[in-house]
Structures are given as structure tokens and as C-alpha cells.
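In what follows, a structure is listed as C-alpha cells, so that the remarks can point back to it.
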Amino acid sequence: GPRFGDFDLGIRFSHAGYRIAERNAQHRFHASTSMVFAIFTKCWAEHVRASEDTLRYAFSAANKTGDLLYASYSLNCLNTVLLFAGDPLSAVHTEAERGLAFARNAQHGLIVDIISTQLAFIDSLRGRTRKLGTFDSERFNEQAFEFRLSNRPGLAIAECWYWTRKMQARYLAGDHDTALASLLRAEPLIWTSSMFLEEAEFHFYAALTLASTLERVTPAMRAGQLERLARHQAKLNVLASNFPQNFDNRAALVNAEIARIESRILDAERLYEQAINSARASDFPHQEAIASELAARFYQSRGFSIISEAYLRNARYGYLRWGAL
């Protein structure tokens with residue numbers, strides 16, 4: 001898909017492989033094939049939540065055959081799916097704790113680091129870290145964690161996902177300049193993550209971060225930042241055209257932000273509404289909240305305070321549904 005632009009053929013091959021695996025349930029590759037099918041095909045081609053049952057099945061099958069590595073992979077991928085879908089953070093926290101305990105018992109350090117990052121992100125949004133946007137808490141030390149990741153090349157994918165989640169947390173906290181710093185740490189590592197949902201999260205929050213910081217950069221830097229923003233926009237538009245259920249809302253919101261920057265007022269109004277309505281149709285409460293918050297800022301900046309307050313109330317409701325207290 002991403003290399004040759006033929007997502008349809010990739011999906012057909014993937015379904016064929018999965019059907020073969022289903023006919024050979026006792027085969028040692030059955031569980032790993034099921035997990036790969038769920039995370040690289042099903043969660044894209046169908047609504048992301050449709051992959052949850054397949055991942056739970058992959059975990060069960062791997063655990064039965066003693067394939068503890070793919071059992072661990074299935075659990076961290078399940079957390080990713082639940083976070084992407086905007087499921088209640090309290091429930092996602094429970095799943096992540098279960099996955100962390102399993103990975104620790106199986107002694108899979110890479111998965112421990114990935115799930116620890118997921119838990120730190122969840123804790124930040126739930127108000128359980130020192131402040132919103134940081135991962136520091138009684139059980140997580142950002143500085144020590146970052147130092148260890150940066151000194152172990154074998155943990156490149158965990159480091160990429162750590163900085164992506166940190167960018168996401170800082171953006172949601174309104175700390176856009178430090179979100180940009182996290183973006184710059186994740187960007188050189190994104191090669192590790194092709195067609196993982198974390199790659200899509202990276203492009204989405206990178207685009208929003210660049211859009212939010214554009215007004216504060218020097219004129220000399222503005223052209224380069226606009227070019228980078230356009231690259232992330234193009235990635236999301238490709239995903240939206242192939243997988244609209246999951247990405248139409250995300251692409252529409254980035255397109256709205258670019259319309260705002262370019263002073264295309266009517267386009268921005270239409271695209272903010274498209275992002276909100278698409279997120280609502282796909283039952284992504286967190287995406288509806290983010291889009292509503294950005295729409296509120298857009299209207300507030302133009303002096304429409306009553307309209308802005310209506311969007312802010314909708315944003316607050318969406319964050320509460322998500323559990324981002």
C-alpha cells in the first residue's frame with residue numbers, strides 16, 4: 001500500500017493469508033498471522049474497532065501454543081487500537097496494565113517499554129501525572145526513560161512511539177512548542193513504523209502541531225514549515241481516500257486547519273463541521289472533542305464568542321466521554 005499505492009491488492013493478499021491460517025489452526029504461524037492480519041489490514045480496511053476481537057483471538061491462540069512473543073505483541077497492539085478508537089481511558093488503562101504484567105512475566109523488554117509509554121500517556125490524560133502533558137509520575141520518570149531509549153538502537157520503534165505519544169499529550173495540553181520538540185525527536189525514527197497505527201497518529205498530531213505553531217515562527221522558517229505541514233496533510237488525505245471510516249475525520253480536521261491558516265474562511269467552517277460530524281458518525285469521541293475545540297478557537301478568533309462557547313461545550317463533553325479528565 002504505502003510503497004506502491006495499491007492498498008487494494010495488499011488487502012486481498014492479506015485476506016488470502018488469513019484464510020489459509022484459519023484452515024490450519026494448529027500451525028505454529030496461526031497466531032502470528034492472525035495478529036499481523038488484524039494490525040496491518042483489518043484495523044485499516046474496516047472500522048478500527050473491528051480488529052479488537054481478532055487481536056484478542058490472536059492473544060489466546062498464541063498463549064495456548066506458547067508463542068509468548070506474539071501474545072505480548074497482540075496485547076500492545078490491542079492498546080493501540082483502543083487508544084486510536086477513543087475507547088474510555090479507564091477501560092484502556094485496565095487492558096494496558098494487564099498487557100504490561102504479561103510482557104513483564106514473559107520478559108519481553110521492548111513490549112514492556114511500549115506499554116509503559118501507553119500507560120504514561122493514559123495517566124497524563126486522566127490527571128495522574130505531575131501535570132497535563134507530562135508523563136512524570138510516582139511510577140514513571142521521563143528523563144530516565146528517555147535516556148535509556150536513546151542509548152539502545154534496538155529500541156528504536158519504542159523510542160519513536162514514545163515521542164509520538166509525548167507529542168500527542170503535549171499538543172492536547174496546549175503545550176504546542178514542546179509538542180514540536182517531541183515531533184522533531186520522533187520524525188527521524190518514523191521509518192520503524194510503516195502501516196502501524198502509530199504512524200498515522202504521528203502524521204495527524206505532527207500536522208496539528210505544525211499548524212498551531214506556524215504563527216510564531218520567523219518568516220524565513222514559515223515556508224519550510226508549510227511544506228512539512230503539506231507532507232503530513234498529503235499522507236492523511238491518502239489514508240482518508242482509502243479508509244474513510246477511520247481517517248476522514250482526521251484528514252478533514254487537518255484540512256480545516258490549513259484552510260484557517262490560508263484565510264479560506266468558508267472552507268474552514270465547512271471542514272471543521274465535516275471533521276466533527278465524521279468523528280461522531282464513526283463514534284470517535286476524542287476526535288470530535290479535538291475538532292470541536294479547534295473550531296471553538298477558530299470562531300473565538302473571529303469574535304463569535306457564543307458560537308465558540310457552543311463548540312467548547314461539545315469539546316468538553318467529548319473529552320469527558322473519553323475519560324480525559
Check: [X] side chain, [Y] main-chain N or O, donor-acceptor pair, under 3.5 Å:
X      : Y      : result
Ser124 : Gly133 : yes
Asn246 : Val48  : yes
Gln245 : His47  : yes
Arg49  : Ala85  : yes
Ser14  : Gly10  : no
Asn79  : Ile115 : no

> Could you go step by step and tell me if Ser282 and Gln287 meet the side-chain hydrogen bond (donor to acceptor under 3.5 Å, both in side chains) rule?
Replying inline: CA-CA 10 Å; Ser282 292; Gln287 293 299 124; over 6 Å; no
> Taking it one step at a time, do Leu110 and Ile114 satisfy side-chain contact (heavy atoms from CB on, under 4.5 Å)?
Replying inline: CA-CA 6 Å; Leu110 175 64; Ile114 289 171; 4.1 Å; yes
If you look at every heavy atom in [X] and [Y], which pair is closest and at what distance?
X      : Y      : result
Ser193 : Cys160 : OG-SG, 3.7 Å
Thr54  : Ala50  : OG1-O, 4.2 Å
Val238 : Asn242 : O-ND2, 2.9 Å
Val112 : Ser116 : O-OG, 2.7 Å
Gly17  : Thr33  : O-CG2, 3.9 Å
Ala21  : His30  : O-ND1, 2.9 Å

> Any idea how Trp322 and His286 line up, ring-wise: parallel (<30°), tilted (30 to 60°), or perpendicular (>60°)?
Replying inline: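 The arrangement is tilted - the two ring planes meet at 30° to 60°.
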Side-chain touch [X]/[Y], heavy atoms, less than 4.5 angstrom:
X      : Y      : answer
Glu52  : Glu95  : no
Met167 : Phe202 : yes
Thr80  : Leu78  : no
His203 : Leu239 : no
Tyr205 : Arg170 : no
Phe284 : Arg250 : yes

Around atom [atom1] of [X], are there more than 12 heavy atoms of other residues, nucleotides or ligands at under 6.0 Å?
X      : atom1 : answer
Arg264 : CZ    : yes
Arg216 : CZ    : yes
Arg316 : CZ    : no
Arg152 : CZ    : no

> Of the options Phe304, Tyr317, Tyr299, which is the one that meets Tyr311 in a ring pair (Phe, Tyr, Trp, His ring centres under 6.0 Å)?
Replying inline: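 When ring pair (Phe, Tyr, Trp, His ring centres under 6.0 Å) is applied between Tyr311 and each of Phe304, Tyr317, Tyr299, only Tyr299 qualifies.
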>> For Phe84, run the ring pair (Phe, Tyr, Trp, His ring centres under 6.0 Å) check against Phe243, Phe247, Phe196 and tell me which one passes.
In response: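 Among Phe243, Phe247, Phe196, the one that satisfies the ring pair (Phe, Tyr, Trp, His ring centres under 6.0 Å) with Phe84 is Phe247.
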Hydrophobic cluster identity match, [X] and [Y], side-chain contacts under 4.5 Å:
X      : Y      : answer
Leu172 : Phe204 : yes
Leu83  : Leu75  : no
Tyr272 : Leu312 : no
Leu82  : Phe40  : yes
Ile39  : Met195 : yes

> Do you see a donor-acceptor pair shorter than 3.5 Å between the side chains of Ser278 and Asp248?
Replying inline: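 The answer is yes; a qualifying pair exists.
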>> Can you see whether Glu46 engages Ser51 through a side-chain donor-acceptor pair at a distance of less than 3.5 angstrom?
In response: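 No, no side-chain donor-acceptor pair sits under 3.5 Å.
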Is [X] salt-bridged to [Y], going by a charged N under 4.0 Å from an acidic O?
X      : Y      : answer
Asp283 : Arg321 : yes
Asp53  : Arg56  : no
Lys131 : Glu142 : no
Arg260 : Glu257 : yes
Glu201 : Arg165 : yes
Glu97  : Arg139 : yes
Arg270 : Glu273 : no

First locate atom [atom1] of [X], then atom [atom2] of [Y], and finally report the distance between them rounded to the nearest 0.5 Å.
X      : Y      : atom1 : atom2 : value
Thr117 : Trp163 : OG1   : CH2   : 10.5 Å
Glu146 : Leu149 : CD    : CG    : 8.0 Å
His176 : Ser212 : NE2   : OG    : 4.0 Å
Glu199 : Ser194 : CD    : OG    : 5.0 Å
Thr192 : Leu155 : OG1   : CG    : 11.5 Å
Ile276 : Leu271 : CD1   : CG    : 11.0 Å

>> Could you walk me through whether Gln300 and Ser305 satisfy the side-chain contact (heavy atoms from CB on, under 4.5 Å) test, starting with their C-alpha distance in whole Å, then the side-chain angles of each, then the deciding distance to 0.1 Å, before giving a yes or no?
In response: CA-CA 5 Å; Gln300 183 66 46; Ser305 59; 4.0 Å; yes
> So Asp123 and Glu138, side-chain contact (heavy atoms from CB on, under 4.5 Å) or not? Walk me through it.
Replying inline: CA-CA 11 Å; Asp123 281 342; Glu138 290 181 359; over 6 Å; no
> What do the steps show when you test Phe140 against Leu119 for side-chain contact (heavy atoms from CB on, under 4.5 Å), and what is the final call?
Replying inline: CA-CA 9 Å; Phe140 193 95; Leu119 277 166; over 6 Å; no
> Going through the checks in order, is the side-chain hydrogen bond (donor to acceptor under 3.5 Å, both in side chains) test met by Glu288 and Asn249?
Replying inline: CA-CA 8 Å; Glu288 185 178 346; Asn249 63 93; over 6 Å; no
> Do Phe145 and Phe135 have ring centres separated by under 6.0 Å?
Replying inline: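 That pair fails the under 6.0 Å test.
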>> Tell me if the centroids of the rings in Trp44 and Phe7 come within less than 6.0 Å of each other.
In response: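 Ring-ring flag for Trp44/Phe7: false, centres at least 6.0 Å apart.
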> Which pairs count as side-chain hydrogen bond (donor to acceptor under 3.5 Å, both in side chains) when at least one residue sits in residues 61-72, sequence neighbours excluded?
Replying inline: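 Listed once each, the pairs are Ser72-His108.
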> Quick one: is the NZ or CZ of Arg98 closer than 6.0 Å to the six-membered ring centre of Phe59, and within 45° of its axis?
Replying inline: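 Yes, Arg98 sits over the ring of Phe59.
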